[in-house]
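Worksheet: the structure to be examined is printed underneath.
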Amino acid sequence: MTQPTKQAQPKVSVIICAYTMERLRDTQEAVQSVLAQTLKPYEVIIAVDNNEELFQELNTGLPPEVKVVLNKGVQGLSETRNVGIQASTGEITAFIDDDAVAERDWLENLTGHFHEPMVVAVGGRAIPLWLNGSRPSWFPEELDWIIGCTYKGLPNKSAQNSEFKEVRNVHGCNMAFRKEVFKKVGLWQSKIGSVGQKLKGGEEAELCLRIKAEMPKALIIYEPNALIRHKVPLKRLSLAWLIKNSFDQGICKAKVQKLHNLVKKTLSTENSYLRYLLLSSLPERLRRFYKKESLLQAGAIIISIAAVGMGYLMESLLIKEDVGGIY
């Protein structure tokens with residue numbers, strides 16, 4: 001009997017972006033979790049954002065098989081990712097945050113769908129690793145995107161007669177792309193995205209919208225079994241953090257919309273998520289008004305919705321005033 005042909009394992013470059021000495025130990029733990037994968041990465045690259053001290057520390061303190069590169073150009077996560085991509089030689093480029101820890105089969109599950117030619121990007125699941133021990137009672141799972149994790153109500157759909165859960169865009173802490181995609185549509189847009197502690201984001205949505213515009217039949221999918229644990233420090237467990245990051249998300253939504261000039265299509269994911277919050281999450285909690293934590297969670301959702309709306313409105317008004325564009 002003829003034995004089935006064994007499928008060749010893809011060459012996967014794993015890129016971890018880092019920017020601060022405060023996360024040195026976190027970065028080392030992230031690297032260790034990547035090196036311990038059931039699917040051995042082809043290469044591991046640390047891309048450091050404009051921090052010579054951190055670059056030198058990582059260059060001397062990590063295993064010799066880890067490549068460390070330095071972004072000396074435009075500060076920010078987007079350009080630092082670009083530096084990592086340009087230094088990579090694998091067929092698939094995977095990303096994990098410097099303050100995350102991957103499960104041992106993370107990379108195997110994240111890249112397992114790439115044997116299908118139409119799959120160009122895959123996003124995995126991120127669950128909170130509470131450094132204070134547990135989830136605060138007032139913080140609902142629907143808002144886990146504020147702490148860089150997969151949130152309840154994540155819009156996804158299975159394509160007809162398909163195993164794939166299609167999404168508009170992957171999320172930056174846990175994702176992989178065919179490297180050829182960057183050659184076709186370009187690299188990360190460095191004019192948007194996070195810079196240090198300024199976590200505005202939006203770069204993943206912008207890139208994935210660009211991919212779909214250039215490659216309409218391409219599949220961008222969500223694989224929940226590609227699991228990482230994302231650390232959540234105490235400073236992110238405050239109402240001030242919730243308001244700031246919700247407001248920043250509103251700003252980045254307006255910027256992405258402006259870049260693509262496709263209002264309805266660009267914000268379809270946000271509209272679906274908002275309907276979920278208004279028609280499901282809030283009524284569910286308000287029905288349990290006699291429970292303190294339900295009311296607090298409902299309040300957090302309402303505040304977040306309002307802050308996102310304020311950020312979006314403010315940035316939209318600024319865009320209209322700037323005849324020459326937002327950049």
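Everything quoted here is computed from the prediction, not taken from an experiment.
- With hydrogens and angles disregarded, no donor-acceptor distance shorter than 3.5 Å links the side chain of Ser33 to the backbone of Val101.
- The shortest side-chain heavy-atom distance between Leu227 and Arg229 falls under the 4.5 Å cut-off.
- Here the closest non-hydrogen pair linking Pro41 and Val44 is CG-CG2, 3.8 Å.
- Put simply, CZ on Phe164 and CD1 on Ile221 are 5.0 Å apart, with the number rounded to the nearest 0.5 Å.
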Chi angles and distances behind the side-chain contact (heavy atoms from CB on, under 4.5 Å) call for Ile220, Val120: CA-CA 6 Å; Ile220 298 171; Val120 300; 4.2 Å; yes
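- Hydrophobic clustering (side-chain heavy atoms under 4.5 Å, transitive across Ile, Leu, Val, Met, Phe, Trp, Tyr) keeps Val74 apart from Leu207.
- Note on Arg210 versus Glu214: no salt bridge recorded, every NZ/NE/NH1/NH2 to OD/OE distance being 4.0 Å or above.
- Using modelled atom types, one side-chain atom of Asn51 and one backbone atom of Leu54 make a donor-acceptor pair closer than 3.5 Å.
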Criterion side-chain contact (heavy atoms from CB on, under 4.5 Å) on Ser304 and Leu242, from CA distance to verdict: CA-CA 7 Å; Ser304 178; Leu242 182 149; 4.0 Å; yes
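- To the nearest 0.5 Å, atom CH2 of residue Trp145 and atom OH of residue Tyr273 are 6.0 Å apart.
- In this structure, Ile46 and Leu62 have side chains that are in contact, with non-hydrogen atoms separated by less than 4.5 Å.
- Distance check: Lys253 NZ to Asp248 CG gives 11.5 Å after rounding to the nearest 0.5 Å.
- Taking the side chain as every heavy atom from C-beta outward, Gln189 and Glu206 approach each other to under 4.5 Å.
- Of the possible donor and acceptor atoms, one in the side chain of Arg178 sits under 3.5 Å from a partner among the backbone N and O of Val119.
- Only one option out of Glu141, Glu142, Glu293 pairs with Arg285 in a salt bridge (Lys or Arg N to Asp or Glu O under 4.0 Å); it is Glu142.
- Phe139 is listed as a side-chain neighbour of Asp144, based on a closest heavy-atom distance under 4.5 Å.
- Hydrophobic clustering (ILVMFWY, side-chain heavy atoms < 4.5 Å, transitive): Val308 and Ile147 are in one cluster.
- Here the closest heavy-atom approach between residue Val122 and residue His113 is recorded as CG2-CB, 4.3 Å.
- Between the side chains of Gln56 and Glu52, at least one donor-acceptor pair of N or O atoms lies under 3.5 Å.
- A 4.5 Å side-chain heavy-atom check between Phe247 and Glu315 finds every atom pair outside the cut-off.
- Salt-bridge check for Arg23 with Glu29: failed, with every basic side-chain N at 4.0 Å or more from each acidic carboxylate O.
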Verdict with reasoning, Val68 to Val48, per side-chain contact (heavy atoms from CB on, under 4.5 Å): CA-CA 7 Å; Val68 185; Val48 179; 4.0 Å; yes
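- For Gln37 (side chain) and Glu103 (main-chain N/O), a donor-acceptor pair under 3.5 Å exists by modelled atom type.
- Rounded to the nearest 0.5 Å, atoms CD1 (Ile302) and OG (Ser281) are 11.5 Å apart.
- By the 4.5 Å heavy-atom criterion applied to side chains, Ile85 and Phe95 are counted as neighbours.
- Closest approach of Ser190 to Ser78, counting heavy atoms only: CA-CB, 3.8 Å.
- At least one donor-acceptor pair under 3.5 Å links the side chain of Lys179 to the backbone N or O of Ser88.
- Among all heavy-atom pairs drawn from Ile146 and Trp241, the shortest one is O-NE1, 3.4 Å.
- Ile96 places none of its side-chain heavy atoms less than 4.5 Å from the side chain of Asn174.
- Shown here is Lys72, whose NZ atom has no more than 12 heavy atoms of other residues, nucleotides or ligands within 6.0 Å.
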side-chain contact (heavy atoms from CB on, under 4.5 Å) evaluation trace for Tyr151 with Leu143: CA-CA 6 Å; Tyr151 55 94; Leu143 299 185; over 6 Å; no
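- The number of heavy-atom neighbours closer than 6.0 Å to CD of Glu53, taken from other residues, nucleotides and ligands shown, is 12 or below.
- Judged by distance alone, the side chain of Asn109 and the main-chain N or O of Asn225 form a donor-acceptor pair under 3.5 Å.
- Nearest heavy atoms, Glu203 versus Leu77: OE2-CD2, 3.5 Å.
- In this structure, Asp49 does not pair ionically with Arg81, as no charged nitrogen and carboxylate oxygen lie closer than 4.0 Å.
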Test log, rule salt bridge (charged side-chain N to carboxylate O under 4.0 Å, His left out), inputs Asp26 and Lys231: CA-CA 9 Å; Asp26 292 330; Lys231 297 175 183 177; 2.7 Å; yes
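- Follow the hydrophobic side-chain contacts under 4.5 Å out from Val12 and you reach Val31 in the same cluster.
- Looking at every heavy atom in both residues, Leu282 comes nearest to Ala298 through CD2-O, 3.6 Å.
- One distance of note links CD of Gln249 with NZ of Lys244; it measures 10.5 Å at 0.5 Å rounding.
- Heavy atoms from other residues, nucleotides or ligands lying under 6.0 Å from CE of Met310 number 12 at most.
- Taking hydrophobic clusters as Ile, Leu, Val, Met, Phe, Trp and Tyr residues chained together by side-chain heavy-atom distances below 4.5 Å, Ile228 does not share a cluster with Ile127.
- How far CE of Met21 is from CG of Leu58: 8.0 Å, rounded to the nearest 0.5 Å.
- Under the 4.5 Å side-chain heavy-atom criterion for Ile, Leu, Val, Met, Phe, Trp and Tyr, Phe177 and Val185 are members of the same hydrophobic cluster.
- Side-chain contact between Thr89 and Tyr42: present, with at least one pair of heavy atoms (C-beta onward) separated by less than 4.5 Å.
- Not a single donor-acceptor pair under 3.5 Å links the side chain of Ser246 to the backbone N or O of Ile243.
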